[in-house]
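Read through the structure below, which is laid out as structure tokens, and then see the notes.
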Amino acid sequence: MDFLIQISYFAAAILFVLGLRRMSSPLTARTGIHWAGAGMLVATLITFFWPGMENYLLMTAAIFIGGVAAWWTGQKVSMTDMPQMIALYNGMGGGAAGAIAAVELLRGEFHSDIFLTLAVLGALIGSISFSGSLVAFAKLQGLIRKPLRFPLQHGINLLVFALAVGYGGILVTTGDTAGINLLVFFGLALGLGIMKTLPIGGADMPVVISLYNALTGLAVAFEGFVLNNAAMIIAGTVVGAAGTLLTQLMAKAMNRSISNVLFGSFGGEQGAEESVEGAMRPIDVTDVSIMMAYAERVIIIPGYGMAVAQAQHKIKELMDVLLARGIDVKFAIHPVAGRMPGHMNVLLAEADVPYDRLYDLDEINAEFTQTDVALVIGANDVVNPTARSNPDSPIYGMPILNADQAKNVVVIKRGQGKGFSGVENALFFADNTRMLYGDGQAMTGELIQAIKQY
Amino acid sequence: MDFLIQISYFAAAILFVLGLRRMSSPLTARTGIHWAGAGMLVATLITFFWPGMENYLLMTAAIFIGGVAAWWTGQKVSMTDMPQMIALYNGMGGGAAGAIAAVELLRGEFHSDIFLTLAVLGALIGSISFSGSLVAFAKLQGLIRKPLRFPLQHGINLLVFALAVGYGGILVTTGDTAGINLLVFFGLALGLGIMKTLPIGGADMPVVISLYNALTGLAVAFEGFVLNNAAMIIAGTVVGAAGTLLTQLMAKAMNRSISNVLFGSFGGEQGAEESVEGAMRPIDVTDVSIMMAYAERVIIIPGYGMAVAQAQHKIKELMDVLLARGIDVKFAIHPVAGRMPGHMNVLLAEADVPYDRLYDLDEINAEFTQTDVALVIGANDVVNPTARSNPDSPIYGMPILNADQAKNVVVIKRGQGKGFSGVENALFFADNTRMLYGDGQAMTGELIQAIKQY
Amino acid sequence: MIEGFTALYIFMLSAFTGYEVISRVPVILHTPLMSGSNFVHGIVLVGAMVAMGHAATTLELTIGFIGVALAAGNAVGGFVVTERMLEMFKSAKGQH
Amino acid sequence: MIEGFTALYIFMLSAFTGYEVISRVPVILHTPLMSGSNFVHGIVLVGAMVAMGHAATTLELTIGFIGVALAAGNAVGGFVVTERMLEMFKSAKGQH
Ligand SMILES: NC(=O)c1ccc[n+]([C@@H]2O[C@H](COP(=O)([O-])OP(=O)(O)OC[C@H]3O[C@@H](n4cnc5c(N)ncnc54)[C@H](OP(=O)(O)O)[C@@H]3O)[C@@H](O)[C@H]2O)c1
Ligand SMILES: NC(=O)c1ccc[n+]([C@@H]2O[C@H](COP(=O)([O-])OP(=O)(O)OC[C@H]3O[C@@H](n4cnc5c(N)ncnc54)[C@H](OP(=O)(O)O)[C@@H]3O)[C@@H](O)[C@H]2O)c1
């Protein structure tokens, strides 16, 4: 039996690695999760045959409860709410790692001090990831509205961290792992996760969640060593390393650094607000519809506002109407448009916009000069020319879509609202730009009706 | 001490992986080999302290002999002869793995049959790699001139292979590993390497050497398990996997498949030779010099002939002369021009042609139409338009440099000699092509003199 | 028991593997990949089952129960969400 | 002793690492990289030294001697040749 268990774990580890590998390329991504899923299934089923186990009935109940709840919420959640669900499930993983550590520490049977240390480390990391992820979930879900900042925040967090590590050290050195110290230790670790996450702004959450994801992986690996479970060691370490790199990549794509996300306060303490000359010029639907109906080339630039307005289906309809008139329609997708990487791609795919109409920044930026109308729907920062021109701007250096180079620019947004970065957008004041004020979905709908008349 | 040895091996393994990683990017390649070198040094030095060793004096002598010989030959060899030196050193590694196996089999102390099996497998693979690499060396060095083919070749090789595996099985099952069977086993394995390599053409050797490189890695890993040596296990396996992939990539870059290299006979049994209409038109140095002296844009396309003629320094001189006249000079480098990947890059770098004048296939192919003179020096297959147009041609589908689209094409070669593939080149018969017959180095020299007169 | 240098080797090699597998992933796959790796550490379920299976006291059993339920949520939820997101990329038609 | 499943894990993870490290290498680096990985398996020197160091009979000693000499050739030659080739790429000036 032991051999069968080992070989299943081995197969699971291979499937995880191959699955992740496939997930990192768009062509094979979907099969990747299936491979990893197969590995998980095999590993879970074979574990029922682990020698000397008890409590089967309760165990099955626990799996059932956790599994069904997650299945149901996972199916129900809308695409825009994905990041918080990932945070939630990730927190559960961290909590599970913490729970394993708690049980093992209570039992107190360790082969050596190294394993004891690993158990404590895993407990610390897992607990931070658990409570931190739950806060991230609450923030994104709108349960906690504002970044909570308190005085001496960094100092206090550091103190709590030091205390948690100290108590961990006490557990290891005294070997008394089932007493009150254990409780204090877990309390400190959980508190740290909360306090560390509260001050971070909602829009930075994807990076933070990715970081906690990597931490959970590490915690799982550590507990894997404690339980002598190769599948956990390898899967956990792989996720720990992959997640660390992914966190860096995500931060870079958003033009941030990880330490800036964790310790900075983006958008809070900006320098002098640059004043933009000129005024925004509004336009009405009829004029826009004429402009577009007789254009030859149109590029649509969606942003966070499209997600807020859930306008993707209307936009797809608009595309169809324009295509039917023989107009060349392309979508320009900025890598960090929206609030999570790939946000626009997912939403537009959901609305059945064919993938080959979506163009990357690099692919499309040269085409704006030959474009009649650039239609900006709920995007702001990703089309802000200030990022090219003003070295003092907080978004300076971020690559942007050159919508300003199109012959005409139409911007659909609700009002004077700023983007995520809080920076004024020079594009809205440009001579070739007109503002179509209103909700993204409603305005696109009106536009479609108007164009259909020609 | 054991701890120190283990930690050194651990460090060496990390340095090897990081070094290889750095070597696979042009920016960091050079530091990569230094990292790996540091790992090797640490691992070798610490091994002198391995507990219970004897024969130190002889051992040092052996290291000295092998090391100095390799150092000296490695320093002396010219850039064009690199592939055979790699083959030679690789063969030595395979031989060493075989020798380790031989010693261990003679001593016959194995912890279990699995280790005995691994020792035998490593011996088989290492010996094949040893003798095969030596044959590859001899071929490239010109010691063996022609591909040696004999009747029923594949059948006989298969038989020898089966016999070698069979004798290996006898060694494992009888456990009598120090008798005559061992000798027969090694004889068969060594013979197999020779017979497998003899029929393969010289120009396929880079792929074959890369394959033997991967095999040596695998043999080293297997012997690492036998000796319980983690550094060998990891370094060997990493090279085994990396080498396998590299072999595939190389074969692909040359438009071949690995099985085609091993079992096919490229260039031997072609279909009906396509006839090309028209005639080659010769030109003399004076006319070429006028054409080039008054050109605006020149692209130079080097090939295997440049390596044969050692013309790279003259070509650099030609570039300087043209640049001094304000002419725009670029080099178009085909990935498999020459006889090893990167051949042209290495030679031109040796002659101090700046790297930023070298352009990849993808970068330059669009520019030929605006080019006044495309100067082809000793290249043939890589500019053969047949690869684009004729589906029956053996080189069909290989991406080529579109030299034929330049306004004028000048080809420097010695005569009617064909390229590696043996296919007639339609470019040489094109209306805008002129042939400058002669040795690459000599002709370039004359050209320089002639241009200097204007 | 995986311990000592063997443990270190496995840890190092897994880290390399994880790092290399992810390097050079396109930005649009960042979120699905985060979700996918989130699913993979759902393997903690296996450990939680073993811990709960050997629980002796009621306290251990309770914590074990919570651990298993959380781990199952991680695994199942991670899978569902990742699968749903990647399904969206189906219209890729061989490009990108 | 590295054996059983631990051995399998190390083998598998090393193979993944090696494969991933090399993937997506540009064609012009194929030859130097072949040479570089050729150098890396020169670590066989370490094993040859151990084998020779424990040789008992003259036959074993002789074979061990040959093994060590060959391995040293692999390591030293591989290094020299790779280093010479990669030095040629020095003029890269941050491009590619
Ligand atoms: N993608 C990621 O992974 C990620 C993660 C974190 C942060 N970020 C950051 O988020 C920003 C994304 O840029 P973006 O251009 O997509 O968005 P943005 O700069 O945040 O701007 C969104 C705009 O949409 C408008 N809007 C909101 N609701 C709307 C509705 N219902 N109908 C129409 N318009 C509406 C808003 O203006 P009104 O209020 O006037 O309507 C706002 O100006 C970047 O700065 C990026 O760095 C991205
Ligand atoms: N790069 C690699 O890794 C690699 C490895 C194996 C095979 N290959 C294959 O090798 C070929 C490389 O193409 P290529 O265009 O570079 O070379 P090629 O097609 O082999 O042609 C070389 C040409 O150079 C001429 N030449 C020889 N010596 C010369 C001298 N001293 N002066 C002037 N010209 C001389 C020859 O014609 P004359 O005899 O008339 O002078 C010959 O036509 C491809 O088919 C490729 O697949 C490449």
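Chain naming here is simple, since letters A, B, ... match the order of the sequence lines and numbering starts at 1 in each.
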- Residue B/Leu58 versus chain D: region with a heavy atom under 4.5 Å: both
- Message: If you count heavy-atom pairs within less than 4.5 Å of chain D, which of B/His343, B/Arg107, B/Arg21 leads?
- Response: B/Arg107
- Message: Is D/Ile10 close to chain B through its backbone or its side chain, or both, or neither, when contacts mean heavy atoms under 4.5 Å?
- Response: side chain
- Identify which of D/Ala7, D/Ser23, D/Ala75, D/Ala55 forms the greatest number of heavy-atom pairs closer than 4.5 Å to chain B. D/Ala7
- Query: In terms of heavy-atom proximity below 4.5 Å to chain D, should B/Phe115 be classed as side chain, backbone, both, or neither?
  - Reply: side chain
- Item | Which portion of B/Leu358 sits near chain D, non-hydrogen atoms under 4.5 angstrom | neither
- Note on the structure: If one checks every heavy atom of D/Val80 against chain B at 4.5 Å, the contacting part turns out to be side chain
- Query: Which region of B/Ile65, side chain (C-beta onward) or backbone (N, CA, C, O), has a non-hydrogen atom less than 4.5 Å from a non-hydrogen atom of chain D, or is it both or neither?
  - Reply: side chain
- Query: Could you give all pairs that pass the side chain to side chain donor-acceptor pair (under 3.5 Å) test and reach residues 225-251 of chain B, with sequence neighbours left out?
  - Reply: B/Ser210-B/Thr247
- Most chain B-contacting option - heavy-atom pairs closer than 4.5 Å, from D/Thr82, D/Val27, D/Leu45: D/Val27
- Item | Proximity breakdown for D/Leu13 and chain B, heavy-atom pairs closer than 4.5 Å | neither
- Message: According to side-chain hydrogen bond (donor to acceptor under 3.5 Å, both in side chains), who are the partners of B/Gln312, at least two apart in sequence or on a separate chain?
- Response: B/Gln310, B/Glu350
- Note on the structure: So, the part of D/Ala56 with a heavy atom under 4.5 Å from chain B: the answer is neither
- Should the pair D/Phe11 and B/Phe225 be assigned to parallel (<30°), tilted (30 to 60°) or perpendicular (>60°) ring geometry? tilted
- Item | Contacting moiety of B/Trp50, where chain D heavy atoms sit under 4.5 Å | side chain
- Message: Using heavy-atom distances under 4.5 Å, tell me whether D/Thr17 contacts chain B through its side chain, its backbone, both, or neither.
- Response: side chain
